[in-house]
Amino acid sequence: MTTARSTTARPTAPSAIAPVLIRLKLSLLRNGLRQSTGRRAAYIASVTVALLFAALQLLGLIALRGNTHAATVCVLLVGVLALGWAVMPLFFPSGDETLDPTRLVMLPLRPRPLVRALLAASLVGIGPLFTLCLAAGAAVALAHGAAAAATGVVAVALTLLVCVALARAVAAANIRLLTSRKGRDLAVLSGLVIAVGAQVVNFGAQKLGSSGLSTLDPAADVVRWIPPCAALGAVDSVSEGAYATAAAQLVLTAAALLALLTLWQRSLTRLMTAPDGSTIAAAEPDKGTSRTSGALGGLLPAGRTGTVMERSLRYVWRDPKTKAAWVTSLAIGLIVPLFNALQGTGSVYFACFAAGMLGVLMYNQFGQDTSAFWMVAMTISSPRDAYVELRGRALALLLITLPYAALVTVLTTALLGDWPALPEVLGLSFALLGAMLATGAWSSARFPYSIPQEGYKNVAPGQAGLAWISIVGGMVAAALLCAPILALTIWLHASSATSWTWLLLPLGAVYGGAVTEAGLRLAAPRLARRLPEILTAVSRG
């Protein structure tokens with residue numbers, strides 16, 4: 001045995017934690033890039049694009065120097081950037097492994113020095129560099145004079161620190177949710193936020209193009225008092241000689257930074273001391289209550305058709321990927337026609353976009369089942385079983401799509417005031433929906449592909465070609481199937497027989513139903529024959 005000298009362990013100085021965490025973050029990044037060449041290439045490409053965009057953004061903001069609306073653009077741009085810092089941890093919690101402070105719970109670290117060290121480590125990355133470039137460009141655009149330039153240096157530092165602290169505080173406060181199954185479900189819905197945000201940005205850009213930047217001045221006057229925008233508002237205030245206003249804006253930003261750090265520290269303390277689900281005893285069992293299928297089962301048809309419909313509707317409510325696809329389609333199908341109608345440049349025929357967005361959900365019906373499709377395959381022994389299976393899935397989709405398409409059409413017609421066109425647009429929507437259900441059923445049996453359950457990909461590697469053929473080819477076929485109703489509509493308008501356009505509503509509904517029935521009957525034998533291949537294809541994810 002070796003006699004060890006008795007020594008007193010000295011605690012690590014708080015200032016020594018920051019370099020360790022910075023090296024840890026760099027090691028995580030380096031080891032992640034070593035996993036595969038594809039990941040390394042994707043990271044290098046994303047970094048290059050981000051740096052190029054940051055450089056262009058910096059030059060563009062500097063070019064605004066002296067412009068009348070420079071303060072408005074800079075303040076609002078920083079506000080949008082801060083909003084991105086706040087929401088990104090909620091939708092992309094796995095983007096930065098150091099966002100999860102629960103990994104450090106077992107280490108003998110106190111929250112206060114840990115906050116300072118994590119804040120320093122958070123400044124390493126492409127996001128902070130991009131934020132620094134944007135804030136520096138905004139400060140250069142707004143600073144006029146030595147005093148404003150000195151204020152700009154402080155403002156840039158405060159802006160960067162507030163953005164980083166905001167992201168960390170939000171992540172720490174919600175980390176239990178973000179690392180759970182419900183949190184991953186929330187992250188899957190990020191596509192909806194991106195889709196809706198893109199439409200809002202498009203709407204705002206068109207409004208700015210017609211009205212000019214002066215319409216944003218009232219909003220900028222309010223946002224310049226909200227941190228971290230208040231810091232850059234202080235630079236503009238100093239340039240105009242309003243030193244008291246500038247001091248108040250800087251103090252407000254500094255107070256916001258302290259509040260965020262305090263919130264972050266309290267969240268860390270709670271995470272490091274409070275028990276989680278792994279240390280809490282299991283909840284008491286349910287006292288004799290039993291779950292039933294609810295009122296939904298009583299409203300659906302009896303037999304296999306009702307069972308398939310209920311299973312499909314439960315997928316919509318419970319499966320993250322299926323839920324995300326439905327919510328995104330519902331949102332975009334409503335936003336596109338209504339936004340165009342609000343701008344006064346839309347057409348009532350844009351309402352057909354709603355039926356088209358939801359009709360796409362009929363494609364690759366078995367991909368959402370993944371490996372569980374084998375249980376469905378065990379119940380299909382004949383083309384009749386396959387037909388009933390496809391019919392149940394189509395009816396489940398129609399249960400939501402029919403009233404939704406009618407609602408969007410009525411709202412679009414009301415905004416445009418073109419009520420005489422309502423019957424023909426509804427007829428076109430029903431015909432389009434029927435054509436997409438028919439081609440979707442056939443495509444599901446002919447070109448199935450797997451949908452990965454984890455991550456943000458909707459197609460398994462190596463199956464992108466199948467997805468393109470299934471969706472794009474099916475949509476082209478659906479457009480061809482709608483040609484008779486579309487040709488009749490054009491002929492009625494060209495021959496000035498608009499008084500008969502109301503016939504398009506019953507004709508479109510009957511035609512859509514007939515096309516759907518024909519598509520289901522054509523797809524059923526193929527589905528029954530190709531069950532092993534379909535099972536192999538959808539189980540790859």
Side-chain angles (χ1 to χ4, degrees), residues 18 21-22 25 50 54 57 74-102 104 111-139 152 154-179 183 186-187 190 193-194 197 219-220 222-235 248-271:
L21 290 182
I22 291 174
K25 185 170 185 177
Q57 193 83 2
C74 292
V75 168
L76 292 180
L77 195 59
V78 171
V80 172
L81 180 67
L83 181 63
W85 275 97
V87 301
M88 282 302 105
L90 296 177
F91 293 111
F92 300 100
S94 60
D96 184 356
E97 296 183 10
T98 61
L99 276 173
D100 187 0
T102 58
L104 307 175
R112 182 172 296 179
L114 183 60
V115 164
R116 292 196 295 264
L118 286 174
L119 183 62
S122 302
L123 297 176
V124 179
I126 300 301
L129 179 59
F130 181 86
T131 304
L132 180 62
C133 292
L134 192 146
V154 178
V156 170
L158 283 175
T159 300
L160 178 60
L161 291 176
V162 167
C163 288
V164 173
L166 177 61
R168 293 291 173 161
V170 170
N174 297 277
I175 196 63
R176 296 293 190 201
L177 170 66
L178 298 179
T179 54
L186 175 66
S190 59
V193 177
I194 295 173
V222 176
V223 174
R224 67 170 58 238
W225 285 98
I226 301 176
C229 308
L232 290 172
V235 180
Q249 290 171 323
L250 287 177
V251 169
L252 183 63
T253 307
L257 176 60
L258 292 177
L260 288 173
L261 293 177
T262 302
L263 176 63
W264 187 8
Q265 179 180 333
R266 289 182 178 178
S267 299
L268 286 178
T269 302
R270 184 170 60 253
L271 289 171

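All residue numbers refer to positions in the sequence shown, counting from 1.
Here CZ of Arg224 is found 13.0 Å from CG of Leu252. Values are rounded to the nearest 0.5 Å. Taking CD1 from Ile126 and OG1 from Thr131, the interatomic distance works out to 11.0 Å, rounded to the nearest 0.5 Å. To the nearest 0.5 angstrom, Leu263 atom CG is 9.5 Å from Leu268 atom CG. In this structure, Leu129 CG and Leu134 CG are separated by 11.5 Å, a value rounded to the nearest 0.5 Å. Interatomic distance, Leu123 CG to Leu118 CG, rounded to the nearest 0.5 Å: 11.0 Å. One finds the CG atom of Leu77 at 9.5 Å from the SG atom of Cys229 (value rounded to the nearest 0.5 Å).
When side chains are defined from C-beta on, Thr159 does not count as touching Leu81, because their heavy atoms never get closer than 4.5 Å. Within the 4.5 Å cutoff, no side-chain heavy atoms of Val80 are placed close to those of Leu76. Counting only heavy atoms from C-beta outward, the side chains of Pro228 and Leu158 never approach each other to under 4.5 Å.
Across every non-hydrogen atom of Val156 and Ala135, the tightest pair is CG2-O, 3.6 Å. Ala231 and Thr253 get closest at one heavy-atom pair: N-OG1, 3.2 Å. Smallest separation of non-hydrogen atoms from Val115 and Gln265: CG2-CA, 3.8 Å. Counting all heavy atoms, side chain and backbone alike, Ala155 lies closest to Val235 at CB-CG2, 3.7 Å. The heavy-atom pair separating Arg168 from Ser122 by the smallest distance is NE-OG, 2.7 Å. Of all heavy-atom pairs spanning Trp264 and Leu119, the tightest one is CH2-N, 3.6 Å.
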